[in-house]
Participant: 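Questions regarding the structure given below will be posed in turn.
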2 protein chains.
Amino acid sequence: MRDSELAEIRKLPLFCSMAEENFHVLTHAAYDQTFPAQVQLIEEGAVADFLHVVVEGSVELFADWQGRETTMAVVPPVSTFILAASIMDAPYLMSARTLGRTRIILLPSVNLRTMFQTDPNFAMATISELAASYRSVVRHTKNLKLRTARERLAAYLLTHATSGRRGASFTLPVEKRLLASFLGVTPESLSRLMKSLQDFGVNVDGQRITITDPSALAKIAILSPQMDGPDSNGVTTGIGLPDVNLEPKESPKYPIKTIKEAKLSLF
Amino acid sequence: MRDSELAEIRKLPLFCSMAEENFHVLTHAAYDQTFPAQVQLIEEGAVADFLHVVVEGSVELFADWQGRETTMAVVPPVSTFILAASIMDAPYLMSARTLGRTRIILLPSVNLRTMFQTDPNFAMATISELAASYRSVVRHTKNLKLRTARERLAAYLLTHATSGRRGASFTLPVEKRLLASFLGVTPESLSRLMKSLQDFGVNVDGQRITITDPSALAKIAILSPQMDGPDSNGVTTGIGLPDVNLEPKESPKYPIKTIKEAKLSLF
DNA sequence: CGAACCCTTGACAGAAATCAACTAAGGTGG
DNA sequence: CCACCTTAGTTGATTTCTGTCAAGGGTTCG
């Protein structure tokens with residue numbers, strides 16, 4: 001594994017407080033792999049042998065049942081996912097696939113579990129990470145149960161148009177179909193909902209969203225700290241589409257092969 | 001606090017592995033309170049000063065937004081709730097109210113947080129508890145996103161008719177309105193859904209449910225370990241209606257004042 | 001160029017919420 | 001003990017929301 005990657009991981013909330021020696025033990029047996037787009041990393045129901053760390057690219061967590069499928073979260077770099085399953089030594093509740101070219105670090109769950117015992121700081125960090133994840137899913141669930149589809153979309157757009165000032169503009173971090181699945185609607189419905197929000201100060205041009213009248217939008221979906229964050233406070237593991245840089249990234253870390261890849265690696 | 005209560009709490013997964021001395025420290029500053037039915041214990045958005053332990057009765061976790069309200073979980077005795085908020089020293093994401101007469105132990109969050117540092121076993125137990133809670137909410141969310149209302153009800157009835165044998169019968173652990181809210185539908189809808197399931201081997205008589213044809217029900221909602229448990233494996237904190245004794249309890253611990261109370265204290 | 005995919009749009013069907021009325025049962029108070 | 005009130009649950013009529021099916025435009029990619 002490259003030292004530069006290690007340093008990056010070391011900075012994560014989950015690992016930054018643990019003893020250097022222990023970090024070495026943990027990462028010594030780790031794998032470092034790069035995957036192309038749309039590779040399924042994890043199959044729901046399999047046992048969790050590794051904790052995953054997204055270093056570059058991003059990963060979609062999704063679930064399926066009876067032919068239906070839904071997006072549960074998108075994991076941006078640099079962060080971990082499926083911590084809960086790794087700890088419990090339990091079957092995954094969600095599947096995972098890469099969005100765009102993605103580099104993943106794999107840490108054996110066994111090492112993880114023994115590490116709690118030896119490094120109290122790591123145990124503490126794990127607790128924080130899990131608690132944050134838990135709260136994130138609770139927010140997602142509240143969103144689904146208390147808001148209509150249109151309200152969810154409005155809330156999503158508002159929270160992602162940071163500093164809800166007039167004329168705030170941003171690029172959707174994911175394809176609309178994925179956003180639709182995350183919000184719990186079909187792509188067709190999302191399309192119509194977007195359209196219906198045009199009357200409330202939302203301008204849609206492809207992936208580009210411009211909020212021309214935040215106050216009008218706010219009337220549809222009043223934001224609440226208990227539902228709309230702030231939770232992307234650095235520890236954004238778990239559920240919820242992450243915050244992204246609002247302006248298109250000028251200089252991607254690696255050569256643009258396709259526009260699609262460049263777009264998705266925005267995270 | 002009564003010794004009998006303390007012993008009960010001590011047995012919980014969260015506390016059983018910690019040092020006796022530390023357990024004393026934790027519970028020394030604890031409050032023991034009994035509340036009547038329908039008392040709001042926690043208001044969404046308030047800061048989490050105490051970890052709560054339900055000793056008798058049960059507690060509903062719910063959330064509201066813009067006049068709407070939804071049930072997120074019902075916490076049975078003996079178990080803890082809102083562990084995540086206590087740890088993070090963060091505002092509650094959910095409100096809580098008693099169902100029936102309920103006895104609660106309150107442990108100061110401050111003690112909790114310092115205890116991680118001193119007792120590794122407690123830290124470990126906290127991790128397990130949180131991971132279990134996290135997985136529980138994920139299941140709930142998948143249920144909401146992947147299943148229709150009718151499928152959710154069918155799945156609920158099937159999982160609660162333990163050993164899905166023909167003629168399995170049980171009493172709903174909560175009022176139908178609460179079940180409806182948990183499943184994400186209105187009481188009216190639940191009523192209709194129940195009726196529509198009569199064609200698939202479900203017999204409804206008040207709170208009494210009898211599954212006359214489990215295989216027919218299973219055709220509507222195929223159960224999945226990744227969505228329907230088993231999660232009530234003793235560490236049932238967090239989200240999800242808990243398993244209950246299937247037969248009506250003959251001898252309640254305290255005198256029956258009203259039928260309503262007796263019914264709700266079934267947990 | 002053609003195949004595949006994303007997104008959109010239209011027409012329609014189905015699911016679920018809403019509004020309203022009504023029953024039944026419990027609890028209250030005279 | 002009975003009249004009254006409150007509440008859970010049901011049922012019906014209706015509207016609203018959302019999914020499904022089908023088709024077409026635009027783009028990417030081999």
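Computed from a predicted structure; not experimentally measured.
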Participant: What's the closest nucleotide to the side chain of B:A149 if the choices are C:dT9, D:dT11, C:dA16?
Facilitator: C:dA16
Participant: Filter on salt bridge (Lys or Arg N to Asp or Glu O under 4.0 Å), then keep only pairs touching residues 152-161 of chain A, sequence neighbours left out; what's left?
Facilitator: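 Of all non-adjacent pairs touching residues 152-161 of chain A, none passes salt bridge (Lys or Arg N to Asp or Glu O under 4.0 Å).
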Participant: Just how far, in rounded Å, is P of D:dA22 from CZ of A:R192?
Facilitator: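 Taking atom P of D:dA22 as the reference, CZ of A:R192 is at 15 Å.
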Participant: Any idea how A:H52 and A:Y92 line up, ring-wise: parallel (<30°), tilted (30 to 60°), or perpendicular (>60°)?
Facilitator: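 Rings of A:H52 and A:Y92: perpendicular, over 60°.
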Participant: Report yes if at least one side-chain N or O of A:K195 is closer than 4.0 Å to OP1 or OP2 of C:dT8; otherwise report no.
Facilitator: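 The answer is no; no side-chain N or O of A:K195 sits under 4.0 Å from OP1 or OP2.
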Participant: Whole angstrom is fine here: how far is it from CG in A:L190 over to P in C:dC6?
Facilitator: 14 Å
Participant: For DNA chain D, what dot-bracket results from Watson-Crick or G-U pairs at under 3.5 Å, with [ ] for crossers and | for inter-strand partners?
Facilitator: ||||||||||||||||||||||||||||||
Participant: Atom CG of A:L172 to atom P of C:dC6: distance rounded to whole Å?
Facilitator: 15 Å
Participant: Should the side chain of B:R177 and the base of D:dT10 be counted as holding a donor-acceptor pair, with the cut-off at 3.5 Å?
Facilitator: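 Looking at the base of D:dT10, it does not pair with any donor or acceptor on the side chain of B:R177 (distance under 3.5 Å).
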Participant: Could you state the atom-to-atom distance from CZ of B:R152 to C1' of C:dA15 in whole Å?
Facilitator: 11 Å
Participant: Do we see a donor-acceptor contact under 3.5 Å between the side chains of B:E43 and B:S95?
Facilitator: no
Participant: Can you see which heavy atom on B:T210 is nearest to which on B:S169, and at what distance?
Facilitator: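 That would be OG1-OG, 3.4 Å.
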Participant: Rounded to the nearest Å, what distance is computed from the CE atom of residue B:M194 to the P atom of nucleotide D:dG9?
Facilitator: 10 Å
Participant: Give me the atom names and distance for the closest heavy-atom approach of A:A96 to A:L61.
Facilitator: CB-CD2, 3.6 Å
Participant: Hey, which of B:R139, B:R147, B:K142 is the one that makes salt bridge (Lys or Arg N to Asp or Glu O under 4.0 Å) with B:D228?
Facilitator: B:R147
Participant: Whole angstroms only, please: what is the CD-P distance between A:E188 and D:dG24?
Facilitator: 16 Å
Participant: Indicate whether OP1 or OP2 belonging to C:dA17 is found under 4.0 Å from a side-chain N or O atom of B:T186.
Facilitator: yes
Participant: Starting at CZ of A:R147 and ending at C1' of D:dT16, how long is that distance when rounded to a whole Å?
Facilitator: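 Atom-to-atom, A:R147 to D:dT16, this comes out as 20 Å.
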Participant: Please check the phosphate of C:dT8 (OP1 and OP2 only) for any side-chain N or O of A:S191 closer than 4.0 Å.
Facilitator: yes
Participant: Between P on C:dG14 and CD on B:E151, what's the gap in Å once rounded to a whole number?
Facilitator: 15 Å
Participant: Would you kindly say whether B:S215 and B:D213 are connected by a side-chain donor-acceptor distance under 3.5 Å?
Facilitator: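 There is such a pair between these side chains.
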Participant: Indicate whether OP1 or OP2 belonging to C:dA17 is found under 4.0 Å from a side-chain N or O atom of B:S189.
Facilitator: yes
